[in-house]
Amino acid sequence: MAIITLKDVNKVYRTKEIETLALENVNLKIQKGEFVSIMGPSGCGKSTLLNIIGLLDVPTSGTITIMDDTTGKMNDSQLSSFRNRNIGFVFQSFHLIPSLNVAENVALPLAYRSGVSAKERHEKVAEVLTRLGLSHRMRHFPGQLSGGQCQRVAIARAIIGDPQIVLADEPTGNLDSKMGQEVMDILHQLNKEDGRTIVMVTHNESQARMTDRIVRFFDGRQVE
Ligand SMILES: Nc1ncnc2c1ncn2[C@@H]1O[C@H](COP(=O)(O)OP(=O)(O)O)[C@@H](O)[C@H]1O
Ligand SMILES: [Mg+2]
C-alpha cells in the first residue's frame, strides 16, 4: 500500500532573472513502512522533493497523495494540521530553537495540537527523551549540547506527535561518523520497531545501501 504518491510533479522556482526547474515530472510511490534514500548531486532537487512531500512547499503542477488524502485541495490550516499529525521532519542543521530548552523544543509539535493537556505533554516529552537517551538533558539548551545530541533532540521533536512519516534531509550531514551512525541507528529503529515510513536524503552511499531502496535524482529528474 502506497503511503506517499507523487504524480507528474513539477516544481519551478521563478525569480526576477531566472527560472529553475527544480523537479521535472516526478512520479514516485513510497510504500507504508518503507525506508527510502534519496540521492543525487547538490542542487538536483532533493530538498525540494522532501519539502513537497512534507507539505512545506507546493508543486507547480502535479499531485501529492498522502495516506489517501490528496493534499492539493487543502487550505493552509488544513495542511498545517495534517502535517502536524502525520509528518515529522529532521534537518541537517537541526533547526532547534536556541532560546528554548530541550524539553520545550521537543514539546513544540504538541503545543500546536488541540486536545493535549499539559500533563500529557510532559509525560510524552519524558517518554521520548528517555527513549533517545536524553532524559538527563531536559533542561539544557541547544547551545550546550553536541551535534549528535542536538540531532537526537530534533528526532525526539519529530516523533513526539507519533507521525507515520519521518522525513530527514541529510540528517547526518553535520555530524562526525560516530554520531552519524547513532542517528542512523535511531532512524532504523523508528522504521523497524515503530513501522514508520522514512524518506531520507543522504550523500552517504553506505548509509543508503542499508535502506530498503535508493531513488536517484539528477537535474530535477528521477534517474533510477
Ligand atoms: N526558494 C528557492 N528559490 C529559487 N530557487 C531555488 C529555491 N530553492 C531551491 N532552488 C533551486 O532549485 C534547485 C534544487 O534545489 P534543492 O532542492 O535545494 O537541491 P538539493 O537539495 O538537491 O541540493 C537548485 O537549482 C536551487 O538553486
Ligand atoms: Mg538539499
Side-chain angles (χ1 to χ4, degrees), residues 4-30 34-66 71-72 74 76 79-80 83 87-97 142 147-148 150-155 157-158 163 165-177 179-181 183-184 186-187 190-191 197-224:
I4 300 165
T5 304
L6 276 69
K7 195 165 181 300
D8 303 329
V9 165
N10 288 280
K11 178 68 181 181
V12 183
Y13 287 112
R14 287 193 182 88
T15 59
K16 270 196 210 98
E17 291 83 30
I18 49 163
E19 199 168 271
T20 308
L21 185 52
L23 292 175
E24 187 176 351
N25 211 27
V26 175
N27 285 282
L28 182 62
K29 265 187 204 299
I30 293 172
E34 224 184 345
F35 191 158
V36 175
S37 296
I38 309 289
M39 299 197 80
S42 182
C44 73
K46 304 180 297 297
S47 293
T48 302
L49 176 79
L50 223 59
N51 290 342
I52 283 179
I53 292 175
L55 312 178
L56 293 174
D57 202 350
V58 289
T60 307
S61 63
T63 58
I64 320 296
T65 307
I66 296 180
T71 56
M74 294 182 192
D76 281 353
L79 281 174
S80 305
R83 189 167 55 232
I87 298 168
F89 255 101
V90 180
F91 300 94
Q92 175 174 8
S93 48
F94 323 130
H95 290 201
L96 300 176
I97 298 179
C150 283
Q151 196 59 302
R152 280 189 280 144
V153 173
I155 293 172
R157 181 184 56 187
I165 299 169
V166 174
L167 304 176
D169 196 349
E170 302 189 43
T172 67
N174 280 0
L175 305 178
D176 66 30
S177 60
M179 288 183 184
Q181 189 53 50
V183 164
M184 287 310 299
I186 293 166
L187 292 176
L190 301 183
N191 176 242
T197 306
I198 304 194
V199 186
M200 172 182 73
V201 171
T202 182
H203 285 292
N204 185 313
E205 281 284 346
S206 63
Q207 281 178 4
R209 276 197 300 273
M210 302 285 287
T211 65
D212 297 325
R213 178 157 62 113
I214 304 177
V215 178
R216 290 181 201 274
F217 277 79
F218 190 81
D219 264 359
R221 289 186 306 275
Q222 198 177 323
V223 290
E224 191 187 319

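Start at 1 and go down the list; that is how both ligands and their atoms are numbered. Worth knowing before you read on, the calculation uses all heavy atoms, side chains too, and leaves out hydrogens, waters and symmetry mates. From a predicted model like this one, the values you see are computed outputs, not experimental measurements.
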Looking at [atom], what's its closest protein heavy atom, distance included?
| atom | result |
| --- | --- |
| atom 17 (O) of ligand 1 | Thr48 OG1, 2.6 Å |
| atom 6 (C) of ligand 1 | Tyr13 CD1, 3.2 Å |
| atom 19 (O) of ligand 1 | Gly45 N, 3.2 Å |
| atom 18 (O) of ligand 1 | Ser47 CB, 3.8 Å |

Next on the checklist: Is Gly43 close enough to touch ligand 1? Criterion: a residue heavy atom under 4.0 Å from a ligand atom.
Outcome noted: yes
Stepwise, does the side chain to side chain contact (heavy atoms under 4.5 Å, CB included) test hold for Leu28 with Ile4? CA-CA 8 Å; Leu28 182 62; Ile4 300 165; over 6 Å; no
Between the OG1 atom in Thr20 and the CD1 atom in Ile18, the distance rounded to the nearest 0.5 Å is 4.0 Å
The reported gap from CE in Met39 to NE2 in His203 (rounded to nearest 0.5 angstrom) is 7.5 Å
Closest non-hydrogen contact found for Gln92 with Gln151 is O-NE2, 4.1 Å
On a heavy-atom basis, the closest approach of Val58 and Lys11 is O-NZ, 2.8 Å
Is Phe218 atom CZ crowded by more than 12 heavy atoms from other residues, nucleotides or ligands, each under 6.0 Å away?
no
Result for side-chain contact (heavy atoms from CB on, under 4.5 Å) between Ile38 and one of Val201, Thr202, Ile53, Thr211 points to Val201
| query | the Mg ion (ligand 2) to Ser47: any N/O/S contact under 2.8 Å? | reply | yes
At under 4.0 Å between heavy atoms, what of Thr20 touches ligand 1? The answer is side chain
Check: Can an N or O of Thr15 be found at a distance shorter than 3.5 Å from an N or O of ligand 1?
Finding: no
Non-hydrogen protein atom less than 4.0 angstrom from atom 9 (C) of ligand 1: yes
> So, for atom 27 (O) of ligand 1, does the protein have a heavy atom nearer than 4.0 Å?
Replying inline: no
